[in-house]
Amino acid sequence: MLSFLRINSLWSPTFSAFSPHFSKPSYPVAFISLSSSHPIFCKSLRNPDFHQFNPYQCQSKCSNLSPQARTLHVNGSGLSIGEIHVILGPMFAGKTSSLLQRIESESCNGRKVAVIKSNKDTRYGLDSIVTHDGAKFQCMALANLSSFKQMFGADAYDELDVIGIDEAQFFEDLYDFCQEAADRDGKIVVVAGLDGDYLRLLCTM
Ligand SMILES: Nc1ncnc2c1ncn2[C@@H]1O[C@H](COP(=O)(O)OP(=O)(O)O)[C@@H](O)[C@H]1O
Ligand SMILES: Cc1cn([C@H]2C[C@H](O)[C@@H](COP(=O)(O)O)O2)c(=O)[nH]c1=O
């Protein structure tokens with residue numbers, strides 16, 4: 001059993017619901033947007049594993065959109081200014097739906113996106129994140145996040161603007177990955193995961 005997030009460290013004045021279209025979940029879901037310097041605490045996963053994946057950038061449902069390259073900002077200390085957005089809630093709350101909505105929106109805006117989920121969640125297959133009501137988006141299923149860059153390809157990774165992570169509670173290396181992706185590489189990272197386990201304890205998987 002692994003500690004996922006020290007949630008109290010995540011609450012920040014920059015809390016915001018990032019999608020103006022969000023209305024669906026019938027249960028509370030927390031949306032937390034952080035500058036990349038805010039702390040998220042998690043541990044590291046073992047046993048790298050990889051399930052077939054075709055690198056992709058966009059499964060856009062939109063058209064007639066010109067790409068908008070995201071400018072990589074660098075702050076005074078030389079860190080890239082990325083973003084970390086966190087979607088927290090219980091099962092069936094709409095976390096994956098919200099992640100998918102955000103990823104599709106970013107993709108429609110011309111951003112290059114990729115989605116990762118834990119390969120521990122096999123309920124709807126491994127090649128997609130799938131909501132409980134059937135919406136899906138192609139993803140890479142991994143045992144740990146540290147293998148993502150190599151699996152995805154270093155050049156393709158460099159071009160990515162947005163990285164979505166579903167079932168984040170299962171990734172022990174969540175903190176390290178998000179910090180590096182946002183701080184070092186200037187990515188927008190959107191993380192969706194459980195806020196607690198079946199005992200209502202802070203998520204320990
Ligand atoms: N028991 C259920 N069977 C089918 N669909 C459901 C059920 N409960 C919720 N849903 C639908 O699934 C959506 C939430 O699914 P999802 O985004 O995958 O949630 P989460 O990722 O938080 O588990 C809800 O908006 C609702 O429309
Ligand atoms: C509460 C709880 C959940 N899990 C597992 C079950 C599923 O694989 C995910 C949750 O997925 P969802 O997209 O939020 O429906 O987590 C678990 O292993 N232990 C638990 O206590």
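Note: hydrogens, waters and symmetry copies are ignored here, and every other heavy atom, side chains too, is used. We count ligands from 1, going down the list as the structure has it; atoms in each ligand are counted the same way.
- For atom 1 (C) of ligand 2, the nearest non-hydrogen atom from the set Tyr198, Tyr124, Phe92 belongs to Tyr198.
- Ring orientation note: the planes of Phe177 and Phe148 are nearly perpendicular, at an angle over 60° on the 30°/60° scale.
- On a distance-only criterion, Met91 and ligand 1 share no N/O pair closer than 3.5 Å.
- Between the NZ atom in Lys95 and the CD atom in Gln169 there is a gap of 7.0 Å [rounded to 0.5 Å].
- Looking at heavy atoms from C-beta onward, Ile188 lies out of side-chain contact with Asp161 at the 4.5 angstrom threshold.
- Contact between Gly94 and ligand 1 is present, with at least one heavy atom of the residue lying under 4.0 Å from the ligand.
- Close approach of ligand 1 to Pro90 is summarised as follows: ligand atoms under 4.0 Å from at least one heavy atom of the residue are 22 (O).
- Set against the non-hydrogen atoms of Glu167, the atoms of ligand 2 under 4.0 Å away are 9 (C), 10 (C), 11 (O), 12 (P), 13 (O).
- Remark: side-chain polar atoms of Ser98 are paired, donor with acceptor, to backbone N or O of Gly94 under 3.5 angstrom.
- Nearest to atom 13 (C) of ligand 1 by heavy atom, out of Asp133, Asp195, Asp166, is Asp133.
- Within the set His132, Arg123, Gln101, Lys95, the minimum heavy-atom distance to atom 6 (C) of ligand 1 is found for His132.
- Polar contact with ligand 1: present for Ala93 (N/O pair, distance under 3.5 Å).
- Because its NZ or CZ atom is both nearer than 6.0 Å to the ring centre of Tyr157 and within 45° of the ring axis, Lys187 counts as a cation-pi partner of that residue.
- Less than 4.0 angstrom separates some heavy atom of Ser97 from each of these atoms of ligand 1: 14 (C), 15 (O), 16 (P), 17 (O).
- In Ala192, neither the side chain nor the backbone holds a heavy atom less than 4.0 Å from any atom of ligand 1.
- For atom 11 (O) of ligand 2, the nearest non-hydrogen atom from the set Arg200, Arg123, Met91 comes from Arg123.
- Checking side-chain atoms of Asn144 against main-chain N and O of Ser147 turns up a donor-acceptor pair under 3.5 Å.
- Contacts with ligand 2 closer than 4.0 Å are made by side-chain heavy atoms of Leu194 only, the backbone lying farther away.
- Atom-to-atom distance recorded for Phe152:CZ and Leu142:CG is 11.0 Å, nearest 0.5 angstrom.
- Listed by number with element, the atoms of ligand 2 under 4.0 angstrom from any heavy atom of Asp121 are 7 (C), 8 (O).
- Ligand 2 lies out of reach of Lys120, whose nearest heavy atom is not under 4.0 Å from it.
- Which parts of ligand 2 touch Asp197 is read off a 4.0 Å heavy-atom cut-off, strictly below it: atoms 1 (C), 21 (O).
- The pair Arg123-Asp121 meets the salt-bridge criterion, with a side-chain N (NZ, NE, NH1 or NH2) lying under 4.0 Å from an Asp/Glu carboxylate O.
- For ligand 2, the atoms closer than 4.0 angstrom to any heavy atom of His132 are 15 (O).
- Considering CD of Glu104 and CG of Leu99, their distance stands at 10.0 Å, rounded to 0.5 Å.
- No salt bridge links Lys117 with Glu167; every basic N to acidic carboxylate O contact stays at or beyond 4.0 Å.
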